[in-house]
Amino acid sequence: MAESPITTHDPKNEEQGQGPVQPSPQQNKEMEKNFAQMKRKMSMEEIGLKIKHKIMVLSGKGGVGKSTVSTGLALSLAQLGHKVGILDIDITGPNVPKMMGLDGHKLHVEEGRIHPAKGHLGVKVISMAFLLDDPDTPVVWRGPIKLGAIQQFIGDVEWGNLDYLIIDFPPGTSDEPLTVSQSLPNIDGMVIVTTPQAVALLDSRKSITFAESLKVPVLGVVENMSGYTINGVTAANTSVEIAGPGGKTIKSTSDENGNFSVTLDIFKKGGGKSTAEDFGVPFLGALPFDPGFVRGGDDGVHKIVSDPEGASSIAFSEIVKAVLAQISDKPSSSLEII
Amino acid sequence: MAQQMPKLVRIERRESDLHLTYEDEQELTVSYQDLRHACPCAHCSPLRNEDETSLKLRSQVESFKLHKPSINPVGHYALNFIWENGCSNGIFRFERIWDLANRRDPDHGKPYVHGAW
């Protein structure tokens, strides 16, 4: 083993005419670990300077499309010309790489620094998925190990200068957002994703309260899967009736070309907006239920990339505008505090 | 019908109260004691559910020496007041401060219940 430059000084040894005592392998390991932690802490502080805006994306409940929204936000911001990164903190269910066309990608590590992968539109991506040899392998880690992994993802990654870092979390209000909010300086805020139905809203309300307990601002609520629009063709200027969810009849009239559209509230409607109003936080907007997102997620080409002019992409860009309106480079913009 | 809340443009921390200036040029005040008694955090809020505990909370905040708090904006929708003693956990939405300034119950008569909506 190479001799350590750090030696321990034992006066007894000097009396006996012996030289300094080399640290044991365990002591060496402990010193290296402490040094790495110190470096990581300094790196996390640097990140606060190099990354202008950090946005956490949470949902109280799984399956509401949080990762789709995270990747959508990142891609929309990249489309506006910003430098963007995504940190996929969902250690047990990392989905972001697949959505960003980075399935099977392996991370590049150089001199102890992890270099992120580059997905669509140049968005930098870090995800636990990159460390798994077998995508079917579950990650079964206890809390302290998860904490260490998250801190490495924050402190050991060479993000470079970014305008926005989107942080995608697993559903719920547990260790992961707590660790990130305590480790990463100056987080701009949280975006809470929900679907319109009561069960999802109940959990999203917990996320809002969770944000308050962490003293992280809530940038707003996004209502995903808000209505499914059917487009069809019939005779011109004709009334159409569709049997919607719950047996409700939905009427529409075709135009002079026979085109008509009907929106079905499959998961009810408006719950995200009323929740935002109840809590006095901004409602950022609603995203339609779009099967294209499902296909895009599975195929690794996000709908925003494959159909940038489509209704869903436009809805995303409106949400990004609402998010950007919440983030200001001036502290609390126009309020004077003396 | 309650007046719609105008935008708060200026907060001046005085010896014993906040002097608030709104965009429509209204000037209102909220005493530090009223502010601290109305703390919306999960610890202080249940104390206001019952008269006895609410009075104890009031006595407690009145026993603190008056001093100017630090004020941290929370997003664009709330403020957090940091005191030298007592509770500094409350995140005060601008609507809450507006209710206090207009001498209205910021809890709107509703008891606080942990975690259930």
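Not measured: the values here are computed from a predicted model. Reminder, nothing fancy here: chain letters follow the sequence lines and each chain counts from 1.
At most 12 non-hydrogen atoms from other residues, nucleotides or ligands lie less than 6.0 angstrom from CD of B:E50. More than 12 heavy atoms of other residues, nucleotides or ligands lie within 6.0 Å of OH in B:Y22, so this atom counts as buried by the packing criterion.
Residues that satisfy the side-chain contact (heavy atoms from CB on, under 4.5 Å) test with A:D90, not counting sequence neighbours, are A:D88, A:T92, A:P170, A:P171. In this view, A:E318 and A:K321 satisfy the side-chain contact (heavy atoms from CB on, under 4.5 Å) rule, not counting sequence neighbours.
Counting only distance, with no hydrogens or angles, the side chain of B:R10 and the backbone of A:I337 share no donor-acceptor pair below 3.5 Å.
Interface remark: B:R93 contributes side-chain atoms only to the contact with chain A (heavy atom separation under 4.5 Å). Both the backbone and the side chain of B:L8 come within contact range of chain A, each with at least one heavy atom under 4.5 Å from a heavy atom of that chain. For B:N80, the part lying near chain A is the side chain, with the backbone staying farther off; criterion is any non-hydrogen pair under 4.5 Å.
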Return a table of donor-acceptor pairs under 3.5 angstrom between the side chains of residues 76-83 of chain A and protein atoms on other chains or two or more places apart.
unit_1	atom_1	unit_2	atom_2	d
A:S76	OG	A:G72	O	2.9
A:Q79	NE2	A:I304	O	3.4

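The interface of residues 64-71 of chain B with chain A, defined by heavy-atom distances below 4.5 Å, comprises B:I71.
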